[in-house]
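The block underneath contains the structure these notes are about, expressed in structure tokens.
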Amino acid sequence: MKVLITAGPTREAIDPVRFLSNRSSGRMGFALAEAAAQRHDEVLLVTGPVHLPTPAGVNRIDVTTAEDMYHAVAANLQGVGLAIHSAAVADYRAKQVQTQKFKKKEEEWHLALERTRDILGSMRRPLGFEGCLVGFAAETENILANAQKKLHGKDCDLIVANDVSRPDIGFDQRDNEIILLFRDRDPETLPKASKESLAHQILDRLTPLLPQESSRL
Ligand code: CTP
């Protein structure tokens, strides 16, 4: 089976020297890609700008913006049975990208932002993806309620939620602690562990949800 994973942040240009982005290191997505390559035939990792080596046996496409990531995902969906969207995609981008460097002025700078495309939210429609769909939810409050909304709103089979307000886990940390929200059973907490260990635990839980018995384990 072919597995597609998105990872890392995206970067949205403001002018030739500035951009909007976030604190995602890409570690969780890369750990998932490495673990998936040990179990499945083909793993494609679509990643924003990160400082991580490509895991063994993983095909990698580097992208910069949310729009680039959308097109890379859309162009590579053929044959994908499992799609895991762990990327921290920018929700907004500058409405107008300045072609020249913005020069500071005395007055305030009001930057107009517009929404980027919701890649995970486009998977079922318009992209027509029918395989197992996994999203992430990075929350600072009301974790369960917000993650539930994403599970149903984006028609996912699983949402992996984590509390990004905690300094010891999540963004740019070695470890994470996550809550798994499934469509038809109670949420399950996976206690604090390395992202590598959590990647395997997530894939273990996904095995029964996959389209066919396509796992090598
Ligand atoms: N996602 C995406 N495309 C976007 C934004 C997010 O594919 N433009 C995906 C992420 O990869 C992740 C999930 O959607 O799997 C996060 O859902 P989202 O509702 O966008 O959460 P936040 O970005 O945290 O936004 P908010 O909490 O403000 O709704």
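Indexing begins at 1, ligand by ligand and atom by atom, following the structure's order. Nothing fancy with the numbering, it's 1 onward along the sequence.
- Proximity of Asp91 to ligand 1, defined as any heavy-atom pair under 4.0 Å, is confined to the side chain (atoms from C-beta onward).
- The shortest side-chain heavy-atom distance between Glu67 and Thr116 does not fall under the 4.5 Å cut-off.
- The distance criterion of under 3.5 Å between nitrogen or oxygen atoms is met by Ile119 with respect to ligand 1.
- When the heavy atoms of Val73, Thr116, Val89 are ranked by distance to atom 4 (C) of ligand 1, first place goes to Val89.
- Although no hydrogens or angles enter the test, the distance criterion places no donor-acceptor pair under 3.5 Å between the side chain of Asn162 and the main chain of Glu139.
- Remark: Arg11 is positioned above the aromatic ring of Phe19, its terminal NZ or CZ atom under 6.0 angstrom from the ring centre and at most 45 degrees off the axis.
- Taking each of Arg93, Arg117, Lys150, Lys154 in turn, the one with a heavy atom nearest to atom 8 (N) of ligand 1 proves to be Arg117.
- The shortest N or O to N or O distance between Phe136 and ligand 1 is below 3.5 Å.
- Of all the atoms in ligand 1, the ones that sit under 4.0 Å from a non-hydrogen atom of Gly135 are 15 (O).
- Taking 4.0 Å as the cut-off between side-chain N and carboxylate O, Glu177 and Arg166 count as a salt-bridged pair.
- Salt bridge absent: Lys150 and Asp118 never bring a charged side-chain N and a carboxylate O closer than 4.0 Å.
- By the 3.5 Å distance cut-off applied to N or O atoms, Gly121 is not counted among the residues near ligand 1.
- Residue Thr6 has no nitrogen or oxygen atom sitting less than 3.5 Å from a nitrogen or oxygen atom of ligand 1, judged on distance alone.
- The single protein non-hydrogen atom nearest to atom 10 (C) of ligand 1 is Ala87 O, 3.2 Å, given as residue, atom name and distance.
- Applying side chain to side chain contact (heavy atoms under 4.5 Å, CB included) to Val50 and the options Ser24, Ser25, Pro9 leaves one that passes, Pro9.
- Of the candidates Val164, Leu120, Leu133, the one placing a heavy atom closest to atom 9 (C) of ligand 1 is Leu120.
- Residue His85 places at least one N or O, backbone or side chain, under 3.5 Å from an N or O of ligand 1.
- At a threshold of 4.0 Å, the pair Asp155-Arg183 counts as salt-bridged, since one of the basic side-chain nitrogens sits closer than that to a carboxylate oxygen.
- Minimum interatomic distance between Tyr92 and Leu20 (heavy atoms only, all atoms of both residues): O-CD1, 4.1 Å.
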